Protein chains: 2
Amino acid sequence: MASSNDSEVRNRSRRGSGRPTLADVAGLAGVGSITVSRALRDPERVSPELRQRIAAAVNELGYVPNPSARALASARADVIGVLVPSLTNNVFSEVLRGIHDGLGNCPLQIQFGNTHYSDEEEERLLRVFLGQRPSALIVSGIDQGPTTRQMLQEAGCPVVQIMEIGPDPVDMMIGFSHLEAGKVVARHLIDVGCKRIGFLGARMDPRSRRRLAGYEAVMREAERFDVALVTTTISPSSVSMGVSLFHKALEKTPDLDGVICNNDDLALGVLFACHRAGLKVPAQISIAGFNDLEMMEVASPSITSVRTPRYEIGQRAIAMARAAIDGERPRRAVVDLGFELKIRESTMRAAVPAF
Amino acid sequence: MASSNDSEVRNRSRRGSGRPTLADVAGLAGVGSITVSRALRDPERVSPELRQRIAAAVNELGYVPNPSARALASARADVIGVLVPSLTNNVFSEVLRGIHDGLGNCPLQIQFGNTHYSDEEEERLLRVFLGQRPSALIVSGIDQGPTTRQMLQEAGCPVVQIMEIGPDPVDMMIGFSHLEAGKVVARHLIDVGCKRIGFLGARMDPRSRRRLAGYEAVMREAERFDVALVTTTISPSSVSMGVSLFHKALEKTPDLDGVICNNDDLALGVLFACHRAGLKVPAQISIAGFNDLEMMEVASPSITSVRTPRYEIGQRAIAMARAAIDGERPRRAVVDLGFELKIRESTMRAAVPAF
DNA sequence: TTGTAAGCGTTATCAC
DNA sequence: GTGATAACGCTTACAA
C-alpha cells in the first residue's frame with residue numbers, strides 16, 4: 001500500500017461535492033496525490049509506469065480537476081480577462097472570435113467584460129478581474145484613465161492593449177493607426193476628384209476621433225476643410241443613423257459630392273439614403289466606409305472601405321499573451337498590423353481635373 | 001484584542017499573493033474572520049457597529065475577495081456558463097448583450113463557450129464548464145446530443161435552453177417556435193400574390209431547418225411546393241452567400257417571384273443582387289428576411305422580416321437562471337416569447353387574384 | 001450575534 | 001522520481 005492516509009481523511013469529511021478528487025485518483029493508482037498532480041500538469045516529470053496507472057485511474061473515476069482549488073493553491077487562475085467596449089458592434093465580435101480561435105484548446109479560460117464605452121465601468125470590471133489574479137489581460141484601446149492605467153501597470157501579469165497602437169504601451173500593444181487610416185481614405189476621395197467631402201461619425205470614441213483627425217489633417221492640407229462638412233453624434237452607430245447623419249449633412253452642405261463614413265454601418269445607410277433620394281453613386285456622390293464588413297463587397301454598388309485586421313488582432317493578442325505567460329517576454333512590444341484601402345465602385349469615378 | 005491568531009499565522013506564511021485577506025481585514029477590524037465573511041455576503045446578519053468597522057477596514061486595506069477560495073470552500077462558483085454556436089452571427093451577439101445586461105451588477109460571472117455549431121465541441125465545453133461547478137447553465141437550442149443532454153440533466157444546477165421552445169425541456173426553456181415563424185412568412189408571401197416562392201437557407205442548423213419545415217408545410221397546403229424552389233447550403237450565412245444562393249435559385253426557377261430568406265444577411269444579398277440584375281423589388285420579386293436586423297427597416301426598399309426577441313431571450317434567460325439559483329424554481333418552465341412579422345416595402349405589392 | 005475548528009482540493013516546499 | 005506536510009483564503013458546522 002503506497003497510499004497515504006489521503007483517502008481515509010476524505011472518507012471522514014463532512015463537506016465536499018462528492019466528485020472524485022486528486023486523492024481519490026491517487027488512492028486508486030496507489031501513489032501520492034502530489035504525483036497525480038504532477039502527472040497531470042507535467043507528465044515528463046513522472047515515470048512512464050506511474051503515468052499510465054494514473055491515467056487509468058483518472059479514466060475510471062472520471063476525474064475532472066477543480067480549477068478553484070488549483071487557482072487557490074497556485075495563487076493564479078488560468079484565466080485571461082478581456083475588456084471590450086461593445087458586444088453589439090460586429091467589429092468586436094470578430095475580435096472575440098479571433099481570441100477564441102487563438103486559444104485553440106489550451107486550458108486557458110476567457111473572461112469577458114463589456115465596458116459599454118465607459119471609463120468607470122472599465123475600472124470597475126478591471127477591479128473584479130484583478131481579484132481573480134488572471135494570467136493575462138487584454139483591453140481595448142490606448143486611452144485608459146489614469147486609475148485604470150495604474151491598475152494595469154501593477155496587475156502583475158502580461159497586458160495587451162488592442163485595436164490601436166500608440167507611443168506608450170502599458171506592456172504590449174497590437175492594432176493599427178486610426179489616424180493614418182483616416183488620412184488614407186480622405187486622400188483617396190480627393191484623388192478621385194471629390195470637392196466637397198463630408199465626414200460622418202457616430203459614437204465618436206477615441207479611435208473614431210483619431211480617424212476624424214486624419215481626415216481633417218488631409219483636408220486642411222488640401223485647403224478643403226470646412227467644419228460644416230463634419231457631422232457626428234455620440235449616439236451608437238447603426239445603418240439608420242447613417243441615414244439620418246447623411247440627411248443632416250445634406251442640409252448643411254447640399255453640394256456634398258463625397259462622404260467618408262466612420263464605419264460601414266453608416267456607409268450602408270448613406271447608400272440606402274442615396275437610393276431613396278435618387279442620387280447616383282458614385283456619379284453624383286462617392287461613399288467610403290470603414291472596417292470592410294463582408295457586405296461592402298457585394299453591395300450595389302460595392303462600397304469602398306478600409307479593411308481592418310479585426311480577427312487577426314484577437315488571434316495575435318492571445319498569442320502574445322500566451323508567449324508572455326510562458327516567459328517569452330518581449331515586453332513593451334508594439335505590433336502594427338496595418339490596414340488596407342479597398343477601392344470599389346462607390347468611389348470609382350474618373351478623376352476630375354482640379355479646375 | 002478580539003483578534004485570534006489569524007493574522008499571526010499569516011505573517012509566518014510562505015506562500016500567498018501578498019494581497020490582503022479576510023483575516024487581515026478581521027485583524028484590523030478587531031473581529032473574527034468569519035464575521036467579516038458574513039458581513040460581506042449577508043450584511044443583515046452582522047450588527048451595524050461591526051458592519052461599519054469591517055467596511056472601514058475593507059476600504060483601508062483595499063480588500064478584494066478571492067473568488068477561488070470562495071468557490072473552493074462553498075463547492076460552487078458564482079459563474080453562469082453560456083454556450084452559443086457562433087460569435088459571428090449578430091443574432092447571438094444580441095443574446096449575449098441581453099445576458100450581460102440581465103446580469104446587472106450582481107456578482108455573477110459569465111463564462112462563454114463557442115460551440116461552432118458542433119455537438120462534439122458543445123460536449124467538450126460543457127465538460128469543462130461543469131468542472132467549475134457553475135451556478136447555472138445556458139445553452140442554445142433544444143437539439144443537444146444524448147450525452148450532452150444527460151450531462152445537463154445531471155448538472156445539479158438550473159439549466160436554461162434558449163432560442164427555441166419544444167416539448168421536452170431539460171429544465172427551463174425560453175424562445176419561440178421557428179416552425180411557426182416559417183409558416184407565417186410563407187403565408188404572407190402567398191397572401192401578397194406570389195406564385196413561385198423560393199426558400200434560401202445557409203448554415204441549416206436545426207432552427208433553420210424548422211423554419212424551412214414551416215415554409216414547406218404551408219407551401220404544400222397551398223399546393224405550391226416544389227423542391228426546386230428550395231436552395232440551401234451548409235456553409236455559413238453571409239450577404240454574399242445570399243447573392244450566390246439567389247443566382248442558383250434563379251437558374252433552377254427563373255420564374256421566381258418571391259424569396260424567403262432564412263435570415264436577413266441573405267435577404268440583403270438578394271436585394272443587392274436584384275439591384276444589379278435590374279429586377280424591381282417588389283414589383284417583379286418579393287423578398288422576406290428573418291430576425292429583423294435594424295438595417296431592414298431603412299434598406300431601400302425596406303425589407304419584410306420576422307422580428308425575433310433576441311435581446312429579451314438573453315435578458316430573461318438570466319432572470320430565470322437567477323430566480324432558480326435563488327430557489328424560486330418554476331422548474332420545467334417553457335416560455336414562449338413569440339415573434340412578429342414586420343411587413344415592409346419588399347413584399348408590398350397589390351395582391352394578385354389567383355388566376 | 002459572534003466565534004472556533006475543520007475542512008474545500010490543489011500545489012509549493014522540502015526531504016528522501 | 002516520489003512523497004509527507006503545510007499552506008492557499010474562504011465557508012460550513014457547530015458551539016457559545
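Keep in mind that what you see is a predicted model, and the values were worked out from it rather than measured. Here is how names work: the chains are called A, B, and so on, in the same order as the sequence lines, proteins then strands, and each is numbered from 1.
Residue B/Ser37 places at least one side-chain N or O under 4.0 Å from the OP1 or OP2 atom of D/dT11.
Between the side chain of A/Arg19 and the base of C/dG9, no donor-acceptor pair under 3.5 Å is found. Evaluation of atom-type donor-acceptor distances gives no pair under 3.5 Å for the side chain of A/Arg51 against the base of D/dG1.
A/Ile54 has its CD1 atom 10 Å from the C1' atom of D/dT2, to the nearest Å. Between the C1' atom of C/dC8 and the CD atom of B/Gln132 lies a distance of 16 Å, rounded to the nearest Å. If you take CG of A/Leu72 and P of C/dC8, they are 13 Å apart, rounded to a whole angstrom. Between the CG atom of A/Leu22 and the P atom of D/dA4 there is a distance of 13 Å, rounded to whole Å. One atom, CZ of B/Arg70, and another, C1' of D/dG9, lie 11 Å apart when rounded to the nearest Å. The nearest whole Å value for the distance from the CD1 atom in A/Ile34 to the C1' atom in C/dT10 is 8 Å. The CZ atom of A/Arg53 sits 16 Å away from the P atom of D/dG1 (whole-angstrom rounding). Computed from coordinates, the A/Arg76 CZ to C/dA12 P distance equals 10 Å when rounded to whole Å.
Closest to the side chain of A/Ser47, out of D/dG1, C/dG7, C/dT10, is D/dG1. The side chain of A/Ala73 lies closest to D/dC8 when the candidates are D/dC8, C/dT2, C/dA12. The nucleotide whose nearest atom lies closest to any side-chain atom of B/Val46 is, among C/dT11, C/dT2, D/dT12, C/dT2. Considering only the side chain of A/Thr21, C/dT10 comes nearest among C/dA12, C/dT10, D/dT11. The side chain of A/Ser74 has C/dA12 as its nearest neighbour among C/dG9, C/dA12, C/dT2.
Taking the nucleotide of DNA chain D with the nearest heavy atom to each of A/Ala69 and A/Leu50, the more 5' of the two is matched to A/Leu50. Comparing B/Arg41 and A/Glu44 along DNA chain D, the residue whose closest nucleotide (by nearest heavy atom) sits nearer the 5' end is A/Glu44. Of the two residues near DNA chain C, B/Arg133 and B/Arg45, the one whose nearest nucleotide lies more 5' is B/Arg45.
Applying the side chain to side chain donor-acceptor pair (under 3.5 Å) criterion to B/Arg133, with sequence neighbours excluded, gives A/Ser17. Residues forming a salt bridge (charged side-chain N to carboxylate O under 4.0 Å, His left out) with B/Glu121 (at least two apart in sequence, or on another chain): B/Arg124.
To the nearest 0.5 Å, the span separating CG on A/Leu103 from CD1 on A/Ile110 amounts to 4.5 Å. In this structure, CE in A/Met172 is found 12.5 Å from CD1 in A/Ile162, a value given to the nearest 0.5 Å.
Counting any heavy atom pair closer than 4.0 Å across all strands shown, B/Arg38 reaches a base atom.
Every pair passing side chain to side chain donor-acceptor pair (under 3.5 Å) that includes a residue from residues 38-48 of chain A is listed here, sequence neighbours excluded: A/Ser37-A/Arg41. Pairs passing the salt bridge (charged side-chain N to carboxylate O under 4.0 Å, His left out) check and including a residue from residues 134-145 of chain A, sequence neighbours excluded, read A/Asp143-A/Arg210.
Of the N and O atoms on the side chains of B/Gln109 and A/Gln132, not one donor lies less than 3.5 Å from an acceptor on the other residue.
Within residues 59-66 of chain A, the residues approaching DNA chain C are A/Tyr63, A/Pro65, A/Asn66, by heavy-atom distance under 4.0 Å.
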Could you give the side-chain donor-acceptor pairs of residues 146-156 of chain B under 3.5 Å, partners two or more places apart or in another chain?
{"from": "B/Arg149", "atom 1": "NH1", "to": "B/Asp168", "atom 2": "O", "distance (Å)": "3.3"}
{"from": "B/Arg149", "atom 1": "NH2", "to": "B/Asp168", "atom 2": "O", "distance (Å)": "2.9"}
{"from": "B/Arg149", "atom 1": "NH2", "to": "B/Asp168", "atom 2": "OD2", "distance (Å)": "3.2"}
{"from": "B/Gln150", "atom 1": "NE2", "to": "B/Glu154", "atom 2": "OE2", "distance (Å)": "3.0"}

